[in-house]
Amino acid sequence: MQISEIFSSENNFVDSKITIEGVFVMNCGVGYFVKNTDGIGDKEESIFIEHEDLENKLLSSVPAFGGGEISYCDKAKISGFLIYKPSNGFLFSLTKISDFTIYKYDEEFNVKL
């Protein structure tokens, strides 16, 4: 499912297990999914990824960008439960993550959670 489908008023995926595809961003230790790279700063149209120690799990599984505030900005797919939880500019969070794959350098990296 694309992120735009989640924000469509016709669909209600809250409190459901879903798999989304989009661009994963890790910005200053905050991980979230956006529709595309043009939406990196638009938190209201993004989905926060709620997982303890996410950044360290990523660093041990997937090569990061060197330096700067953004350590990841890659196509990805993730599964978890979507909840409505307005916080820090985000409207939705994905919790209870079960699968997380990042596509980088023409390779598929499974994040070991």
Side-chain angles (χ1 to χ4, degrees):
M1 157 183 323
Q2 300 297 315
I3 291 178
S4 57
E5 294 176 68
I6 294 166
F7 288 95
S8 168
S9 60
E10 300 148 14
N11 295 309
N12 186 0
F13 300 103
V14 174
D15 297 325
S16 300
K17 183 173 182 176
I18 62 169
T19 298
I20 57 174
E21 295 180 8
V23 175
F24 173 74
V25 176
M26 177 66 76
N27 188 346
C28 296
V30 177
Y32 54 96
F33 266 72
V34 296
K35 290 186 269 190
N36 55 49
T37 55
D38 294 336
I40 289 175
D42 188 5
K43 290 183 178 179
E44 286 187 4
E45 293 281 323
S46 304
I47 298 175
F48 176 73
I49 305 305
E50 190 174 307
H51 190 280
E52 189 175 317
D53 204 29
L54 179 62
E55 190 169 29
N56 286 329
K57 300 285 186 185
L58 282 161
L59 289 170
S60 68
S61 304
V62 184
F65 293 134
E69 295 178 351
I70 296 177
S71 51
Y72 295 94
C73 184
D74 302 285
K75 288 185 180 181
K77 181 172 67 171
I78 193 167
S79 297
F81 283 87
L82 183 69
I83 60 171
Y84 179 72
K85 184 179 178 182
S87 178
N88 298 320
F90 297 98
L91 296 177
F92 296 97
S93 295
L94 201 66
T95 65
K96 301 178 185 173
I97 308 302
S98 56
D99 293 301
F100 188 7
T101 303
I102 294 181
Y103 305 99
K104 187 177 199 128
Y105 308 126
D106 295 324
E107 291 186 49
E108 186 176 294
F109 293 91
N110 293 312
V111 180
K112 294 170 182 64
L113 300 170

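- Listed here is the closest heavy atom pair of S93 and I47: C-CG2, 4.1 Å.
- You'll find the side chain of F33 reaches within 4.5 Å of the side chain of I20, heavy atoms only.
- By the 4.5 Å heavy-atom criterion applied to side chains, I6 and V14 are not counted as neighbours.
- Distance check: S46 OG to I3 CD1 gives 7.0 Å after rounding to the nearest 0.5 Å.
- Between S8 atom OG and F13 atom CZ the span is 8.0 Å, to the nearest 0.5 Å.
- Listed for the Y72 side chain is a donor-acceptor partner under 3.5 Å among the backbone atoms of L58.
- For residues 91-113, the set of pairs meeting the salt bridge (charged side-chain N to carboxylate O under 4.0 Å, His left out) definition, not counting sequence neighbours, comprises D74-K104.
- We find the CD1-OG1 distance between I83 and T95 to be 4.5 Å, quoted to the nearest 0.5 Å.
- Note that OH of Y84 is 5.5 Å distant from CG of L91, once rounded to the nearest 0.5 Å.
- The list of side chain to side chain donor-acceptor pair (under 3.5 Å) pairs with a residue in residues 54-70, not counting sequence neighbours, reads D53-N56.
- You'll find the side chain of C73 reaches within 4.5 Å of the side chain of T37, heavy atoms only.
- Hydrophobic cluster of F90: the remaining members, joined at side-chain heavy-atom separations below 4.5 Å, are V23, V25, V30, Y32, V34, I40, F48, F65, I70, listed by chain and number.
- With contacts defined as side-chain heavy-atom distances shorter than 4.5 Å, the pair F100/K77 does not qualify.
- Within the 4.5 Å cutoff, side-chain heavy atoms of L54 are placed close to those of L113.
- In this view, K85 and E50 satisfy the salt bridge (charged side-chain N to carboxylate O under 4.0 Å, His left out) rule, not counting sequence neighbours.
- Taken to the nearest 0.5 Å, the CG atom of L82 stands 4.5 Å off from the CD1 atom of I18.
- Between I102 and V111 the shortest side-chain heavy-atom distance falls below 4.5 Å.
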L94 and I78: side-chain contact (heavy atoms from CB on, under 4.5 Å), yes or no, with the steps? CA-CA 9 Å; L94 201 66; I78 193 167; 3.5 Å; yes

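- Chaining together hydrophobic side chains whose heavy atoms lie under 4.5 Å apart leaves Y103 on its own.
- Sorted by first and then second residue, the pairs that involve residues 26-48 and meet salt bridge (charged side-chain N to carboxylate O under 4.0 Å, His left out), not counting sequence neighbours, are K35-E45.
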